[in-house]
Every structure is written in structure tokens, then in C-alpha cells.
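Down below is the structure, laid out as C-alpha cells.
Quick note: numbers below take in every heavy atom, side chains included, and nothing from hydrogens, waters or symmetry partners. Labels below follow one simple rule: chain letters A, B, ... track the order of the sequence lines, proteins then strands, and each chain is numbered from 1. Just so it is clear, the structure is predicted and the values come from calculations on it, not from any experiment.
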2 protein chains.
Amino acid sequence: MGSTGGRRERLRAETTAEIKQVALKLMATGGPDAITLRAIAREMGMTANAIYGYFATRDDLVTMLINEVYTALADAVDAAWAEAPAGHAAGRIQTWARAFRDWALANPEGFRLIYGDPVPGYQAPEGGAAPDAAHRVCTGIAALADAAWPHARHLYAHGDFQWSDFDAGLLDKVRPAFPDLPPAGVALALRIWGHLHGLVSLEIYGHLHTQTINPGKLFQEELTQLVRSLGIDSKE
Amino acid sequence: MGSTGGRRERLRAETTAEIKQVALKLMATGGPDAITLRAIAREMGMTANAIYGYFATRDDLVTMLINEVYTALADAVDAAWAEAPAGHAAGRIQTWARAFRDWALANPEGFRLIYGDPVPGYQAPEGGAAPDAAHRVCTGIAALADAAWPHARHLYAHGDFQWSDFDAGLLDKVRPAFPDLPPAGVALALRIWGHLHGLVSLEIYGHLHTQTINPGKLFQEELTQLVRSLGIDSKE
DNA sequence: TGAGGAGACTATACGGCGTGAAGTTTGCTG
DNA sequence: CAGCAAACTTCACGCCGTATAGTCTCCTCA
């Protein structure tokens, strides 16, 4: 059996990485539709079929790309959250949300890959393509809700949400991280996610552009109202 | 020159309608990806090239389908709005929003067609494929905002939105219909659209499903909080 | 009435796609 | 050095959109 550091394995890992990198470059250039095995192979000086040695099918490759890109998004928003001063709940929340939108605007193709119909015939595997990264993003929003919960609880605690309403994999991450956040807080987090996703998604897909000249202003208003709706008074 | 009711024209109109109908059937069966000229032709006992007599290109056909489907959505939510009792602002708003989600759940492929990357290589014409239907939907949400504005104005009138922030085509519809709604009210309408679109979109694309067992409950909570955020007290 | 023309449709072809089967080269291992 | 497995190519199939050229049918008008 080959040792873990063998030349063969190293070359294989390098080629795998190159395939993914070329695929991401193609996506950035021509959108998710440009991710074709033949185009990747062309770019690498290979035959399309050679890629089957690394990925059983094109969908497997796309799934891996989704994981990669989704993780990059999660990293970006996590970093923004970590950098913002922990004292200011309102500022931290707005920083997180702005990082979310900024990442999407900077990587529209990646956003489409994660959240849209990614590639022509692509069919996501059961449970979604990247549940881990999705849970990471959701956990990030749960952090927003957790930070706001002391102010917001009297507004949202009324709901009749149960732990059983939510996905176990998500709760495995959220409950240990935020022991004081009740089910209603998780529901609040998911709603906030929906709000931000909706505005950004409409913008990325060009639907907002036919309504308003100024999506950024609309998003800023959203953030202002978000903080207010969380019961946080401070202007920032 | 052929008269307007000639046999030729009638046959032509019928064939055009059949193409669109078959395309919609294929979409309902196999998703937007299933809309291929060859599949349509196969279903109709024709050659794929025959369709070029009716649509210059596949994208033209898709654009027409988007218009058709988008109009169906607009009809559905308009009807829900018209049927709900005009007196109860809260009930009317919730009815509208529920109609929006119900239509999306009943026509997920249509929703994807309208709001997602529709079909493999499809490139929407400038200004979006169906600005009219989009404006109709937005006008519908503006009606929500207008109905709520007496309660909501003290919460949202502060913003510094101008008429010039919005698309002229949208304002052509909104301003005559709701003369009392200021720019801040239109911004509110777009934000509400974003909120609802986000939750429904996450649900349709399967991202919510990996977080919560019960998207309907989450949406109901959204509606409750929406009405509250509009300053409407009444439970319904 | 019969010729001309327009419109509807087919046949053929090209290049691109994902993918399966079979064959060939390369390099490690015993 | 023999053998083997991994990496890669070649060929093939059926799908796609679409361009070009040809055929058939029916309407119109002299």
C-alpha cells in the first residue's frame, strides 16, 4: 500500500487542486455554465475523460466546488464578525451583514453556484451540497441573534417554537455555542437570514435593478431597520 | 396581405400556443432544464428546426415563458389581494404573502424560471425578461405598504429616500395607484419583497430544509412579525 | 384556372456537451 | 526485470442549439 506522502499521491492531489482551481477560474470568467469537463480539460491540456480519474461525475466536481465556495463565504463573514468590536452589538451585526452582501457582489458567480440552479443539469446530493458550510453561515447568524437576544427576547420569545422544529445538525452547532438562545432565537436567526438572502439574491439576479437605482441604499435601510427590530436603540 | 382572421394566422397562433404549452409541461415535469427545442418538437411530432419558424431562438421562447409564468404569479397574488376583505390591513397583507408562497410551492419550477438561473445558457434580455410582471408584483407589495402606511409611517418616514432612487417604470405604476405613498414607502415595499422572496427562495431551493423541519411555521412567524413591524396591532 | 410565391416544415450538418468502453503509456514495486 | 495499477487517450453514443438548403402545401391574383 502506498505511503501517505508518496509521489503518486502528491501528483494526484496537485492535479485535483488544479482541476478545481481551473473550474473556479472558468466560473469567474463565464459563469457557472462555463464549468464543463471539456473546457477544464482543454485549459489543462488534457482529455475530458481524464477528469473522470479524479471525479466520478461532473456533479461530484460541482458539489466539491460548492463546498469550497460556500466555505469561502463562511470564512468571509466569520472574519468580519470576529474583527468587529464585540461590545457594539448593532455595529457587529451590520458588519456581518455588509460582509455577506459584499462577498456576494464580489463573487456573484459563486453566489449563484451556492444558492441558485448551479449548472445545467446539476442535481444536488441528498441533504444539500454543503450542509456543513450552510450550518456555519446559519451559526453565524445565530451569533447575531444571540448578541441581540438580551434586547430582542421580549419581542420574539412569545413564539411556540420547539427544538424539534429545527435540523439536528444545525442544533449540534448552535446550542453548544449559544446556550442561552432558545428555539425562538433560532427562528429569528433563520428569518434574518431569509431577509438578507432575499435582498442580496434579488440584487445578484438583477431583479432589484429593475426597481431601484440604488440597491446599496436599500440594503443600508434594511440594516438600520434590522437593528431596530432587534430592540437595539443605539444608532450604531 | 392576409386578413387578421385568416386560417394561416389562426393555425400559426395555435401552433405557437401549443409550443408554449408543451414547454410549460416539460418544465413542470423535468424542471427548467427540460425545456429544449428538440424535446418540444419530439412531443409535438415535429422537427426541432420547425420551432425556429415561431421563435427566432431558444432564448426568445424562454423569455416568453418567463413572461407568461411571471404574469401567472402576478395574477395569483393580485387575486388573493382582491379577495381578502379590504378592511383588515393585517389579514390582507398576510393573505397576499401566503398566496405568494403558496404559488411558489405549487409552481417551484416556475419560481426557478422567474427568479433563478433559468435554463442552461439563457441570457436575459436587457432590463430583465419580464419587467412588466415584475413591476406588477412590486406594485402589489406597494399596495401592502400603502395599506399599512397610516400605521407604519412614523416608523419609516425618517429615511432619506427620493423618487429618483427608484426605477421610472415602477413609479409610473406605483405613484398614480398610491398617491399618498412617499419614497420611503416604496423602499419599505421593496424591503418586504426582499424578506418574503428570501424565505421562499431558500425554501424552494432546498436551503431552508437543511435547517428547519418546518418552513411553514417559520413563514407564519415572518408574517406575524411583518404585521407587527408595520405598526399594526390587531392580531389579524 | 393555373402560375407564382410565401410560409411551414424536413434533411443534413457542425460543434459542444457528459459519459461509457477499450486500449495505451508510465512509473512504482516485488 | 516482470508485473501491475494508475493515468491518460481514443473512439463512440446520444443529447443539445442552430445554420443552410431543400421540399411541400396552400393562398392569391392575373
Identify all pairs in which a protein N or O lies below 3.5 Å from an N or O of nucleotides 14-17 of chain C, and state each distance.
unit_1 : atom_1 : unit_2  : atom_2 : d
C:dC17 : OP1    : A:Thr36 : OG1    : 3.2
C:dC17 : OP1    : A:Arg42 : NH2    : 3.2
C:dC17 : OP2    : A:Arg42 : NH2    : 2.6

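- Distance CG (B:Leu26) to C1' (D:dC16): 14 Å, rounded to an integer number of Å.
- For C:dG7, neither phosphate oxygen OP1 nor OP2 lies less than 4.0 angstrom from any side-chain nitrogen or oxygen of B:Arg12.
- Between the CD1 atom of A:Ile19 and the P atom of D:dA7 there is a distance of 10 Å, given to the nearest Å.
- Surrounding CE of A:Met64 are at most 12 heavy atoms belonging to other residues, nucleotides or ligands under 6.0 Å away.
- Proximity of a side-chain donor or acceptor of A:His207 to a complementary backbone N or O of A:Ser201 within less than 3.5 Å is not detected.
- The shortest distance between the side-chain N/O atoms of B:Tyr54 and the OP1/OP2 oxygens of C:dG7 is not below 4.0 Å.
- Distance B:Glu18 CD to C:dA8 C1': 14 Å, rounded to the nearest Å.
- For A:Ile40 and D:dC8, the CD1 to C1' distance is 16 Å, given to the nearest whole Å.
- Cation-pi geometry between B:Arg98 and B:Phe219 is not met at under 6.0 angstrom from the ring centre and within 45 degrees of the axis.
- Test B:Val200, B:Ile204, B:Leu199, B:Leu196 against B:Arg101 for side-chain contact (heavy atoms from CB on, under 4.5 Å) and you get one pass: B:Val200.
- In this structure the side chain of A:Trp81 reaches within 4.5 angstrom of the side chain of A:Leu144, judged on heavy atoms.
- Note: CD1 (A:Ile51) to C1' (D:dA7) measures 13 Å, nearest angstrom.
- If you check every strand for non-hydrogen atoms under 4.0 Å, A:Thr15 touches nothing.
- When the ring pair (Phe, Tyr, Trp, His ring centres under 6.0 Å) test is applied to A:Phe111, the partners found at least two apart in sequence or on another chain are A:Tyr115, A:His197.
- What separates CG of A:Asn49 from C1' of D:dC11 is a distance of 10 Å, to the nearest Å.
- Distance B:Glu14 CD to C:dC9 P: 12 Å, rounded to the nearest Å.
- Between the CD1 atom of B:Ile51 and the CZ atom of B:Arg38 there is a distance of 10.5 Å, given to the nearest 0.5 Å.
- Contact annotation: A:Tyr52 side-chain N/O to C:dA21 OP1/OP2 distance is not under 4.0 Å.
- The nearest whole Å value for the distance from the CE atom in A:Met46 to the P atom in D:dT10 is 12 Å.
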